[in-house]
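Reckoned from all heavy atoms, side chains included, excluding hydrogens, waters and symmetry mates. The first residue of the sequence shown is numbered 1, and numbering continues consecutively from there.
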Amino acid sequence: FNQIIEYKTDELMSRTSNRPLPTKVLSIEEALVFCIFTGILGLYLLASINSSSFILGLLAMIIYTVIYTPLKKITPFAVFIGAIPGSIPPLLGYIAVTNDFGLEAGILFVVQFFWQFPHFWALGWMLHDDYKKAGINMLPTKKKDKATALQTILYTIWMIMISLLPLSGLTGDLHLSIFSAFLIGLVGLAMLYYSINLYNQMSTNAAKKLFKSSIFCLTLVQIIYVIDNIYIWI
């Protein structure tokens, strides 16, 4: 749905110009049929699990398509809105299994929520000129400056702090051993290093390193959560 709405915008950017609609591999009509079919099928499957999963899936689709997509050309605040549906998948996965919205599910949501800001601002920094051609500005200050770089540091710190909350034992089934918390702390500090590096160097290369480290960081944090909880149950 996002690519149908933005197919003309996608034609303007190098990053997206090879997508199916700008290259006319698919027509608008074909893409719409595909989206409606897979959207309905996906929501049906979620509803067959539990109603909470269905609601979250529908909410993610609506926020991303109806609010986030058009807002991208209006304000960098769109990144904040987009971070909500972007954080729903781990939340939805937890609720699909437990059918319980507790603090555990909330932690998974908030970790991914805060993570998205340095991740997407690094991407926005790397592709600033490309986004500019399409009238989109992803950076919070609309430019590659110290204030933007500083915010990547702050959001990375908040992400690290939230990701370590399960160590407190207050998050029920989502628990962390001291060793797992130590590993998550190391992974988080590595991402923080690259956030600080962006602030110091103010370069596209530094933004690229932060972007790559953010993917590495989130993946490892989630894997550690899973392994740690499996170990506890065993």
Side-chain angles (χ1 to χ4, degrees), residues 42 45-61 63-64 68 79-123 151-198 209-234:
L45 292 172
L46 289 175
S48 70
I49 298 171
N50 54 54
S51 59
S52 298
S53 297
F54 168 80
I55 291 169
L56 287 171
L58 181 62
L59 191 63
M61 289 175 65
I63 294 175
Y64 195 94
Y68 168 68
V79 174
F80 179 89
I81 300 299
I84 298 171
S87 303
I88 284 178
L91 168 66
L92 193 156
Y94 190 93
I95 290 175
V97 173
T98 65
N99 198 21
D100 177 46
F101 189 102
L103 192 55
E104 301 95 331
I107 292 293
L108 296 175
F109 176 88
V110 176
V111 167
Q112 185 135 335
F113 182 81
F114 281 115
W115 167 85
Q116 286 182 88
F117 293 95
H119 173 76
F120 279 108
W121 287 335
L123 179 66
Q151 288 190 59
T152 67
I153 295 174
L154 295 176
Y155 277 87
T156 301
I157 291 172
W158 291 333
M159 181 209 71
I160 295 170
M161 292 171 62
I162 297 297
S163 67
L164 291 173
L165 268 181
L167 179 64
S168 67
L170 300 175
T171 51
D173 291 338
L174 186 62
H175 181 270
L176 274 182
S177 65
I178 293 176
F179 179 69
S180 295
F182 174 74
L183 291 179
I184 287 176
L186 283 181
V187 171
L189 287 175
M191 183 173 165
L192 180 60
Y193 167 81
Y194 287 109
S195 297
I196 295 171
N197 190 51
L198 175 62
K209 289 179 179 178
L210 172 58
F211 180 77
K212 290 180 178 178
S213 72
S214 68
I215 297 172
F216 182 75
C217 175
L218 183 67
T219 304
L220 279 181
V221 167
Q222 292 177 339
I223 289 172
I224 291 168
Y225 277 157
V226 171
I227 292 175
D228 190 89
N229 279 269
I230 288 174
Y231 175 76
I232 286 173
W233 284 113
I234 290 174

**Q.** Separation of Leu123 CG from Leu210 CG (nearest 0.5 Å)
**A.** 10.5 Å
Q | Any Ile84 side-chain heavy atom under 4.5 Å of Tyr64 side chain | A | no
Q: Report yes or no: does Trp115 contribute a side-chain atom to a donor-acceptor pair with the main-chain N or O of Ser214 at less than 3.5 Å?
A: yes
Q | Smallest separation among heavy atoms of Ala96 and Ser53, with atom names | A | CA-OG, 3.4 Å
Q: Check ring pair (Phe, Tyr, Trp, His ring centres under 6.0 Å) between Phe120 and all other residues, then give those that pass, not counting sequence neighbours.
A: none
Q. For the side chain of Thr98 and the backbone of Tyr94, is there at least one donor-acceptor N/O pair under 3.5 Å apart?
A. yes
Q. Less than 4.5 Å apart, any side-chain heavy atom of Met159 and any of Cys217?
A. yes
Q) Judged by atom type as modelled, is there a donor-acceptor pair below 3.5 Å linking the side chain of Asp228 to the main-chain atoms of Ser177? A) yes
Q. What residues, two or more places apart in sequence or in another chain, satisfy ring pair (Phe, Tyr, Trp, His ring centres under 6.0 Å) together with Phe54?
A. none
Q | Counterpart residues, side chain to side chain contact (heavy atoms under 4.5 Å, CB included), relative to Phe216 (two or more places apart) | A | Leu220
Considering only distance and modelled atom types, tabulate donor-acceptor pairs under 3.5 Å from the side chains of residues 184-195, sequence neighbours left out.
from, atom 1, to, atom 2, distance (Å)
Ser195, OG, Thr156, OG1, 3.0
Ser195, OG, Met191, O, 3.2

**Q.** Minimum heavy-atom distance Ala60-Pro85, with the two atoms named
**A.** O-CB, 3.6 Å
**Q.** Separation of Leu91 CG from Glu104 CD (nearest 0.5 Å)
**A.** 11.5 Å
Q | Student check: side-chain heavy atoms of Leu198 and Trp121 closer than 4.5 Å | A | no
Q. Shortest non-hydrogen contact from Gly86 to Pro89?
A. O-CD, 3.6 Å
Q: Working to the nearest 0.5 Å, report the span between CG of Leu218 and OG of Ser163.
A: 10.0 Å
Q: Flag the pair Thr152 / Phe117 as yes when at least one side-chain heavy-atom distance between them is below 4.5 Å, and no otherwise.
A: no
Q) In a check of side-chain contact (heavy atoms from CB on, under 4.5 Å) between Ile162 and each of Leu165, Leu164, Ile160, which one passes? A) Leu165
(Q) Could you work out, with side chain to side chain contact (heavy atoms under 4.5 Å, CB included) as the rule, every residue matching Ser87, not counting sequence neighbours? (A) Phe109, Gln112, Phe113, Gln116
Q | Straight-line distance of Ile49 CD1 to Leu46 CG, nearest 0.5 Å | A | 5.5 Å
**Q.** Which residues share a side chain to side chain contact (heavy atoms under 4.5 Å, CB included) with Asn99, sequence neighbours left out
**A.** Asn50, Ser52
Q. At their closest point, which heavy atom of Ala105 faces which heavy atom of Ile95, and how far apart are they?
A. CB-CG1, 4.3 Å
**Q.** Ile88 CD1 to Leu56 CG distance, which is reported to the nearest 0.5 Å
**A.** 5.5 Å
